[in-house]
Chemist: 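Sharing a structure below in structure tokens format, with a few things to ask.
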Amino acid sequence: MNALLITGTDTEAGKTVLTTALAAYLQKYFPQRNWGLMKPIQSGEGDREWYQKLFSLKQTAEEITPLYFQAPLAPPIAAAKENRQVDLAVVWQAFSQERSRRDFVLVESLGGLGSPITDELTVADLAGDWHLPTVLVVPVRLGAIAQAVANVALARQAKINLKGIILNCVQPRSDAEIADLTPPEMIQSLTNIPVLGCLPYLENLTDLDKLAQVASNLNLETLNL
């Protein structure tokens, strides 16, 4: 599939950082490719507006985010406040159209794999049902190993095509701290999923050249980017 789902262990893992870095990489090193970005479901202002500001996307707001709710809450709760439902048919149709017209589509999920999309379905259910190749962002902090193990177990339960794990420094970290908090070899051994690299802490997320360079240091061949 010519798409990649970027998800994380939780809401502040660094999905937007990775998605932005991958988009900057595609824009800089593959300017001839017709790629797109999607945040299929969004509650409140945030990622969609960020991508529109940062990149010259040949996409409308509705093509980036086909399902939008005003309240910054879990989609089923935000939808209920507007007397609406989470219509996944609308999302699937928009996603299918973007895939058909583009060489590659980066898809940022809401929340983490366990985040609810409806009262019955999570992000993991959707990724598995739609057969989306997926990368899991794990933040470098205490407890990250357990989070990685639990999320990989959820991914396996949902039959997700999990391509790899990418670590993300949510604050400045030394190599020694990264090794102590998120030892790649241990995470790979416990999950049997490859760790494809580590994103350093990036203070300026508008520096597209730096973001592209950081992304180029990851093992992107595994992601078929």
Chemist: Does Glu82 reach the main-chain N or O of Phe69 with its side chain, forming a donor-acceptor pair under 3.5 Å?
Modeler: no
Chemist: My understanding is that only residues two or more places apart in sequence, or in another chain, count here; which of them pass side-chain hydrogen bond (donor to acceptor under 3.5 Å, both in side chains) with Asp87?
Modeler: none
Chemist: Could you go through Tyr68 and Ile41, starting from their C-alpha distance and side-chain angles, then the distance that decides it, and tell me whether this counts as side chain to side chain contact (heavy atoms under 4.5 Å, CB included)?
Modeler: CA-CA 6 Å; Tyr68 179 84; Ile41 305 173; over 6 Å; no
Chemist: Could you check whether Phe30 and Tyr25 have their ring centres less than 6.0 Å apart?
Modeler: yes
Chemist: Using only atom types and a distance under 3.5 Å, with no angle test, would you say the side chain of Gln171 pairs donor to acceptor with the backbone of Arg173?
Modeler: no
Chemist: I'd like to know whether Leu136 forms a side chain to side chain contact (heavy atoms under 4.5 Å, CB included) with Thr7, so could you lay out the CA-CA distance, the side-chain angles of the two residues, the decisive distance to 0.1 Å, and finally the verdict.
Modeler: CA-CA 5 Å; Leu136 177 70; Thr7 189; 4.1 Å; yes
Chemist: Could you tell me if the side chain of Ile165 sits less than 4.5 Å from the side chain of Val135, heavy atoms only?
Modeler: no
Chemist: Has the side chain of Ser189 got a donor or acceptor atom that lies under 3.5 Å from a matching backbone atom of Met186?
Modeler: no
Chemist: Taking atom CG of Asp175 as the centre, does the number of heavy atoms from other residues, nucleotides or ligands within less than 6.0 Å exceed 12?
Modeler: no
Chemist: Determine whether Asp125 and Ile117 make a side-chain contact, defined as any pair of heavy atoms from C-beta on separated by less than 4.5 Å.
Modeler: no
Chemist: For Glu12, does the CD atom have more than 12 heavy-atom neighbours from other residues, nucleotides or ligands under 6.0 Å away?
Modeler: no
Chemist: Are Leu205 and Leu106 joined in one hydrophobic group, where the rule is that I, L, V, M, F, W and Y side chains link up if heavy atoms are under 4.5 Å apart?
Modeler: yes
Chemist: Quick one: does Asn2's side chain have a donor or acceptor within less than 3.5 Å of a partner on Arg99's backbone?
Modeler: yes
Chemist: Would you confirm whether Glu49, through its side chain, and Gly46, through its main-chain N or O, come within 3.5 Å as a donor-acceptor pair?
Modeler: yes
Chemist: Which atom pair, heavy atoms only, marks the closest approach of Leu37 to Ala23?
Modeler: CD1-CB, 4.3 Å
Chemist: Between Ser96 (side chain only) and Ala94 (backbone N and O only), is there a donor and an acceptor less than 3.5 Å apart?
Modeler: no
Chemist: In Å, rounded to the nearest 0.5 Å, how long is the span from CG of Leu110 to NZ of Lys15?
Modeler: 7.5 Å
Chemist: When rounded to the nearest 0.5 angstrom, what is the spacing between CD in Gln27 and OG1 in Thr20?
Modeler: 11.0 Å
Chemist: Rounded to the nearest 0.5 Å, what's the gap from CG on Leu225 to OG on Ser216? Could you check?
Modeler: 11.5 Å
Chemist: Mind checking side chain to side chain contact (heavy atoms under 4.5 Å, CB included) for Leu73 and listing every partner two or more places apart, or none if nothing turns up?
Modeler: Ala71, Ile77, Ala78, Lys81
Chemist: What I want to find out is whether Glu108 reaches Arg48 closely enough, with some N-O distance under 4.0 Å, to be called a salt bridge.
Modeler: no
Chemist: Got a sec, which residues hit ring-ring contact (aromatic ring centres under 6.0 Å, His included) with Trp130, two or more places apart in sequence or on another chain?
Modeler: Trp92
Chemist: Minimum heavy-atom separation for Ile160 and Ala124, please, with both atom names.
Modeler: CD1-O, 3.6 Å
Chemist: Are Val17 and Leu57 in one and the same hydrophobic cluster, where Ile, Leu, Val, Met, Phe, Trp and Tyr link if side-chain heavy atoms are under 4.5 Å apart?
Modeler: yes
Chemist: Flag the pair Thr65 / Pro40 as yes when at least one side-chain heavy-atom distance between them is below 4.5 Å, and no otherwise.
Modeler: no
Chemist: Are more than 12 heavy atoms, taken from residues, nucleotides or ligands other than Gln97, located less than 6.0 Å from that residue's CD atom?
Modeler: yes
Chemist: Find the distance between OG (Ser174) and CG (Asp180) and round it off to the nearest 0.5 Å.
Modeler: 7.5 Å
Chemist: Search all heavy atoms of Lys28 against all heavy atoms of Ala212 and return the closest pair with its distance.
Modeler: CD-CB, 3.9 Å
Chemist: Counting only heavy atoms not in Glu221, do more than 12 sit closer than 6.0 Å to its CD atom?
Modeler: no
Chemist: Same cluster or not: are Leu218 and Ile193 linked, directly or through other Ile, Leu, Val, Met, Phe, Trp or Tyr residues, by side-chain heavy atoms under 4.5 angstrom apart?
Modeler: no
Chemist: Find the distance between CZ (Phe95) and OG (Ser100) and round it off to the nearest 0.5 Å.
Modeler: 10.5 Å
Chemist: How close do Gln188 and Val195 get, counting heavy atoms only, and between which atoms?
Modeler: OE1-N, 2.8 Å
Chemist: If you define the side chain from C-beta out and look only at heavy atoms, does anything of Leu88 sit under 4.5 Å from Thr118?
Modeler: yes
Chemist: Contact between Ile145 and Pro183 at the side-chain level, heavy atoms closer than 4.5 Å - yes or no?
Modeler: yes
Chemist: Would you kindly confirm whether Tyr29 and Leu18 end up in one hydrophobic cluster when ILVMFWY residues are joined by side chain heavy atoms under 4.5 Å apart?
Modeler: yes
Chemist: Are Trp35 and Arg102 packed together at the side-chain level, in the sense that at least one heavy-atom pair is separated by less than 4.5 angstrom?
Modeler: no
Chemist: List the steps, then state whether side chain to side chain contact (heavy atoms under 4.5 Å, CB included) holds for Gln147 with Val149.
Modeler: CA-CA 6 Å; Gln147 284 189 318; Val149 172; over 6 Å; no
Chemist: Taking Asn34's backbone N and O only, do any of them form a donor-acceptor pair with Asp103's side chain (distance below 3.5 Å, no angle check)?
Modeler: yes
Chemist: Ser115 vs Thr122, test: side chain to side chain contact (heavy atoms under 4.5 Å, CB included). Steps then yes/no.
Modeler: CA-CA 5 Å; Ser115 295; Thr122 65; over 6 Å; no
Chemist: Going by heavy atoms in the side chains, are Ser109 and Ile6 under 4.5 Å from each other?
Modeler: no
Chemist: Check the hydrophobic clustering (I, L, V, M, F, W, Y; side-chain heavy atoms under 4.5 Å; chains of links allowed) and say if Ile166 and Val107 are grouped together.
Modeler: no
Chemist: Given the rule in the salt bridge (Lys or Arg N to Asp or Glu O under 4.0 Å) test, do Glu63 and Arg101 qualify, once you have shown the distances and angles that lead to the verdict?
Modeler: CA-CA 12 Å; Glu63 287 170 339; Arg101 68 174 65 142; 2.9 Å; yes
Chemist: Within a reach of under 6.0 Å around CD of Glu45, are more than 12 heavy atoms found that belong to other residues, nucleotides or ligands?
Modeler: no
Chemist: To check you understand the geometry: which heavy-atom pair defines the closest contact between Arg156 and Asn192, and what is its length?
Modeler: NH2-CB, 3.6 Å
Chemist: Please say which of Val137, Leu199, Ile187 ends up in a side chain to side chain contact (heavy atoms under 4.5 Å, CB included) with Leu167.
Modeler: Ile187
Chemist: Taking Arg141 first and then Asp10, would you say they form a salt bridge - that is, a charged N and a carboxylate O separated by under 4.0 Å?
Modeler: yes
Chemist: When rounded to the nearest 0.5 angstrom, what distance separates CE in Met38 from OG1 in Thr19?
Modeler: 12.5 Å
Chemist: Check whether any side-chain heavy atom of Ile64 sits under 4.5 Å from a side-chain heavy atom of Gln52, and report yes or no.
Modeler: yes
Chemist: Can you name the nearest heavy-atom pair linking Ala155 to Leu113, along with the distance?
Modeler: CB-CD1, 4.1 Å
Chemist: Can you see whether Asp47 engages Thr16 through a side-chain donor-acceptor pair at a distance of less than 3.5 angstrom?
Modeler: yes
